[in-house]
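Worksheet: one structure, shown below.
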Amino acid sequence: DPPLADLPDTPELTAERDRLLAQRQAAVLDLTDLLLELGEHQRVVADLNARVVADPQCQHSWAQFMLALYRCGRKGDALAAYTKATAALRPPHGYGPGPELQAMLHGILTDWQGGTDVPALRTAPATARTRAALAAGGPGLPAAI
C-alpha cells in the first residue's frame, strides 16, 4: 500500500501503480454497493466516513455514505453528509453534486422506497447464509472492507 512501493519509480511503474489503485478503488466501491444491497449498512458506515474524508471528490462514496446513514436511522446525518459533499465539491472545482447525489437527497427527503435512479432506501436484511459468507470472506470477498 501503495502497490509496487518497493520498486524504483519509472514512468511505466507510475502508470501501473495508478492503474492498480484505480482498480482497487473500483473494487471497494463495488463491494460496498454489494454490502449495502445485502443490508450491511451498519458494517460499512465507519469505513465510508473515512473514505469521504480521504477522497471528498468521489460522489459515489458520498451517495453510499448517505444511504448507509439513512438505513442506520440517521436521516439527519445523511442530510448533513449531503451538505458536506456539496461544500467539498464546490471549491476549487466549481461544480456541485451530480445526478446520483441529487437523486439520493431527493429519496431521503421523501423517504422514497425504490426506482431506477436510487437504490431502495430500505432493504431486507441479508439472509443468515449470506451473512455467514460475508463474515468468512465469501468467495473472493474480504472479511472486512
Side-chain angles (χ1 to χ4, degrees), residues 1-7 13-145:
D1 196 19
L4 310 174
D6 56 334
L7 298 175
L13 281 176
T14 299
E16 183 64 12
R17 185 177 297 121
D18 291 347
R19 186 185 70 76
L20 291 170
L21 288 170
Q23 281 184 333
R24 178 195 291 165
Q25 181 180 10
V28 168
L29 290 171
D30 289 346
L31 176 59
T32 303
D33 283 336
L34 174 64
L35 290 169
L36 287 168
E37 281 183 39
L38 295 172
E40 296 287 333
H41 42 275
Q42 298 246 358
R43 179 178 175 181
V44 299
V45 75
D47 181 63
L48 284 166
N49 185 49
R51 253 194 278 151
V52 297
V53 168
D55 183 10
Q57 300 304 307
C58 182
Q59 293 199 35
H60 190 62
S61 289
W62 280 108
Q64 290 174 325
F65 186 45
M66 290 171 61
L67 180 60
L69 288 168
Y70 179 85
R71 287 184 180 168
C72 287
R74 298 170 55 187
K75 183 176 180 177
D77 289 338
L79 295 172
Y82 180 84
T83 301
K84 289 178 185 176
T86 300
L89 293 169
R90 286 219 171 106
H93 305 289
Y95 60 89
E100 180 182 20
L101 279 176
Q102 291 175 18
M104 185 63 68
L105 173 66
H106 175 73
I108 289 170
L109 287 172
T110 61
D111 292 318
W112 189 51
Q113 294 299 310
T116 58
D117 293 2
V118 177
L121 293 177
R122 302 211 187 278
T123 187
T127 65
R129 181 177 171 188
T130 302
R131 288 183 189 281
L134 286 171
L141 295 178
I145 295 179

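In this text, all values refer to a predicted model and were calculated from it rather than measured experimentally. Values reported hereafter were calculated over all heavy atoms of this structure, with side chains retained and with hydrogens, waters and symmetry mates removed.
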Self-check item: Test log, rule salt bridge (charged side-chain N to carboxylate O under 4.0 Å, His left out), inputs D47 and R51
Solution: CA-CA 6 Å; D47 181 63; R51 253 194 278 151; 2.9 Å; yes
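In this structure, the separation between CZ on R43 and CG on L48 is 12.0 Å, given to the nearest 0.5 Å. Here the CD atom belonging to Q64 is positioned 5.0 Å from the OG1 atom belonging to T32, to the nearest 0.5 angstrom. If you take CE on M66 and CG on L105, they are separated by 5.5 Å, rounding to the nearest 0.5 Å. To the nearest 0.5 angstrom, L35 atom CG is 4.5 Å from L31 atom CG. A distance of 10.5 Å separates NE2 of H106 from CG of D111, quoted to the nearest 0.5 Å. The NE2 atom of H41 sits 10.5 Å away from atom CG of L69, with the distance rounded to the nearest 0.5 Å.
Sorted by first and then second residue, the pairs that involve residues 21-34 and meet salt bridge (Lys or Arg N to Asp or Glu O under 4.0 Å), not counting sequence neighbours, are D1-R24.
The two residues M104 and A63 make their nearest non-hydrogen contact at CE-O, 3.8 Å. Across all non-hydrogen atoms, the minimal contact from V52 to F65 is CG2-CD2, 4.0 Å. Pairing each heavy atom of G98 with each of Q59, the nearest pair is N-OE1, 2.6 Å.
Checking side-chain atoms of Q102 against main-chain N and O of P97 turns up a donor-acceptor pair under 3.5 Å.
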Side-chain donor-acceptor pairs under 3.5 Å in residues 76-89, sequence neighbours left out?
| from | atom 1 | to | atom 2 | distance (Å) |
| --- | --- | --- | --- | --- |
| D77 | OD2 | R74 | NE | 2.8 |
| D77 | OD2 | R74 | NH2 | 3.1 |
| T83 | OG1 | L79 | O | 3.4 |
| T86 | OG1 | Y82 | O | 2.9 |

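Using a 4.5 Å heavy-atom cutoff, the side chains of C58 and Q25 are in contact.
Every residue two or more places apart in sequence or in another chain that forms a side chain to side chain contact (heavy atoms under 4.5 Å, CB included) with Q23 is listed here: R19, L20.
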